[in-house]
Every structure is written in C-alpha cells, then in structure tokens.
Amino acid sequence: MTTLAITGGQVLLPDNTVTWADVLVDQDSGEILEVGDDLAGGADDTLDASDSLVTPGFVNGHCHVAMTLLRGHADDKPLDAWLQEDIWPVEAELTADSIRAGTELGVLEMIKSGTTSFADMYFFVPTIADVVDKAGLRARLGHGVISVGKDEDAVHEDAQEGLEVAAEIDGMADGRITSAFMPHSLTTVDGQYLSEYVPEARDLGVPVHYHANETEDEVTPIVENHGVRPLAYAAEKGMLEAEDFFAHGVHVDESEIGLLAEAGTSVIHCPASNMKLASGMAPIQRMLDAGVTVGLGTDGAASNNDLSMLDEARDAAMLGKLAADDASAVPAEAVVTMATQGSADAIGLDTGRIAAGKPADLAVIDLEQPHLTPRHDPVSHLAYAAAASDVRHTVCDGQVLMRDREVLTLDEDAVLSRATEEADALLARADD
Ligand SMILES: [Zn+2]
C-alpha cells in the first residue's frame, strides 16, 4: 500500500465542524484511511497543511467546461439573445481540437481552485473524457441534446449520440468518469423526443441531467402548451427520478418544490450565471427547508466568468439572503455543504466528505492570508472570504494533482497558449 499523509492542518468534517487532525490516504485504493492525530509516521508521501484548512474537494454540479474558450467573448446580454446571437453561432464552429484546448483550460482552473469533481454537458464528450482522465479529476459527463432548429433525422441522430456516448464513457478512468443522458432543457428539446429517449436512458441505467426553470421564458411556453408547470411536465416525461438533477430552478413555485422534495430530484444552483444573465433569484432557502438536495455549479465560463466554487459559494449565500429578504437565510454552513456533499449527492458521486472509507478528494486552503485573518471561524472564511488562489494542494482519488500551486498533471504554460490559439481560431471561423 502506498500512503499519503496530509499533516498539521485543520480539517473540515462532514457536519461542518473543524478539528485539528491529519488525514491518511491509501493512494492505491484512492480512499481516506483515517482522520486523526499523528498519522504522518511511515507515510510514503506527505503534504504540509500547517496554517491551512483541509476541505473536501469542491464538486461543481453543473458546467460546460470547454466554454472557457468563450470567456469574455460576449457579456451583458439576456439569456435568449446571448445564446442565439453570440454563443450558438460560435459553438457551431467547435472542433475536437477546440474542445480539447477549452477542456484543458477549464480543468486546469478547477484543479487550481480546489475542484476535484464536476458534472458537464457539452459536445465531443469522448475528447472531454480523455482530458479529464489525464488531468486526474472525477466527472459525470454527457452530450447535450437539442432539437430546436433541427430536422427530425438530425434530432434522432443527436439523441442516439447522447445515449451512445453515455454508454461508452460510463466507468472510464477506473470509474472516475461516469455519464448521464443530457437533454439540453425542457424547452429546447421537443416533448416527443423526451418521451422517446428518456426511457432509453433509464434502460441504460444512467441519470438525466438538464436545464429547467432558468427564466420566465422557460416557464410560460410549457404552461401554455401543456397546461402544467415545467417540473410537473418533467415528471410526466419521466425526468424527475431520485438520481436525476437539473441546473437553475430559479422560477419554481411551491407545488414544484413539493414535487422535488417528494421525488428526490436534485437542483444545481448556479447563482453567478443567474445574476449575470438577470435570470432571477432561486428560492434556495425554501428548497432547503422542504428537504430538496441542492448542489452548486458555476455553469459555463461564458456566463460566470470563472469556474471557482469558492466564488460560487459566496454568491449563493449573498443571493440566497436577497431572495429570502432575510440575512439569516442560506448561511455559511449551507453553502459550504452545497459546494461539497450537496453537489456530490446531487450528481450521484460518493465524494464531498472527509471521512474514513470515502474517496480521497481533497483541497488544502492556505489560511495564512490577510483576507483570512483573524480565524474566528474557518467555515465563515470558506463561504465569504477565501479565494481560488488560496488553494495550496489539490488531491483527487488519492493522487496529488497540485502541490504548492504547481499542477502536476497538466503543463500550465502549454495549456494557456493552446487555449488562446484555439479560442482565436474559433472566433475567426465564426466571423467568416
Ligand atoms: Zn448550463
């Protein structure tokens, strides 16, 4: 057995208490062996965590990772115009090379900000899976299926690709990569295709991941055409099972919150994207009160514009208070839970908790910083004051991905220059 000890720090436990302890990891199984005192003796490798907080690796519950190439390309527009005028025309020009470069950039940013797992909906998924495998992260990946603007044959081809990709990549990278069927949203995929393909995903044994109730414009047409609220419609289409999860849930009413609580379907809250696109304020405290599992996601970098889960946690706490008109709503502990075990539970990964037997997915955060002094409450600092650049070490599946800010699984300079080249080439193609 090869072991790694993370020593001398404070450790965030699953109940959000913080204790002085070492963490001992079995690098062969990728699991945490023990959390306790003086575990460094005899370990094959050590990571110094003095003046630091050891947290679960963050879990980004909803992303489009290769959209890093579109970061800063088009800002300050509402969702519909932004997608149709700025995003979809450029996405039509994506190639496997651009996806590889954008994914490398995104996972580099994730490792540098302490994220160890994510759920991703995009295109050229086998290429994304290959990058995730080599970078050492954990992910649930899928192909985004869209029917709007396509003829019937093209939609069937797209949905088949979604199913085939899900079957192909599930269990890759020693199980670090899992999959889902990912119809883009309840309004961008026509109901007949949902009825046809969701049961096929069920037969395949994969969850369904989609966007829902992001804007009022996604609610009204469903109510008008089907006579029910979007989540009741999702239930009719078989997309409200306990293993399913969807992004946003901004415009949900009490009946829909009740449906989610009953079904066990999870919501991935994306507060930065919701604020930037002025989509609205999700009633997160009401969902938590009802017992809904809520995770946290950055959404794509074009609508955020970074992939830092620490930023997202702060945004979630701030926006949750405004939405509830109550400063005690969505407190620090809630957003820290959402960024770790909430997202992990939502996307169906057994991670997000530091405990013996759990996957060794960890981030070590340097507390010796002006903006993290004094240290009255490390959980408060995680929610409100810590920054991505405070992450010292990142560990996933027992392997050290970043040591003292140096990423070991990717060549950072090469990733940045490839991403810049591919982004320029992509926009040039779209301009032609
Ligand atoms: Zn999204």
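Counting convention: from 1, in listed order, for ligands and their atoms alike.
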Exercise. Under 3.5 Å, side chain of Ser113 to main-chain N/O of Met110, donor-acceptor pair present?
Worked result: yes
Exercise. Of all the N, O or S atoms in Asp299, which one sits nearest to the Zn ion (ligand 1)?
Worked result: OD1
Seminar exercise, completed: The angle formed at the Zn ion (ligand 1) by NE2 of His211 and NE2 of His64 is about (to 10 degrees) 100°
For this session: Check Cys63 against Thr298 and note the closest heavy-atom contact, atom names and distance.
Result: SG-OG1, 3.9 Å
Problem set entry | Cationic N near anionic O, under 4.0 Å, Arg202 to Glu243 | yes
For this session: Please work out whether the ring planes of His64 and His211 are parallel, tilted or perpendicular, with thresholds of 30° and 60°.
Result: parallel
Exercise. So, Cys270 and the Zn ion (ligand 1): N/O/S under 2.8 Å, yes or no?
Worked result: no
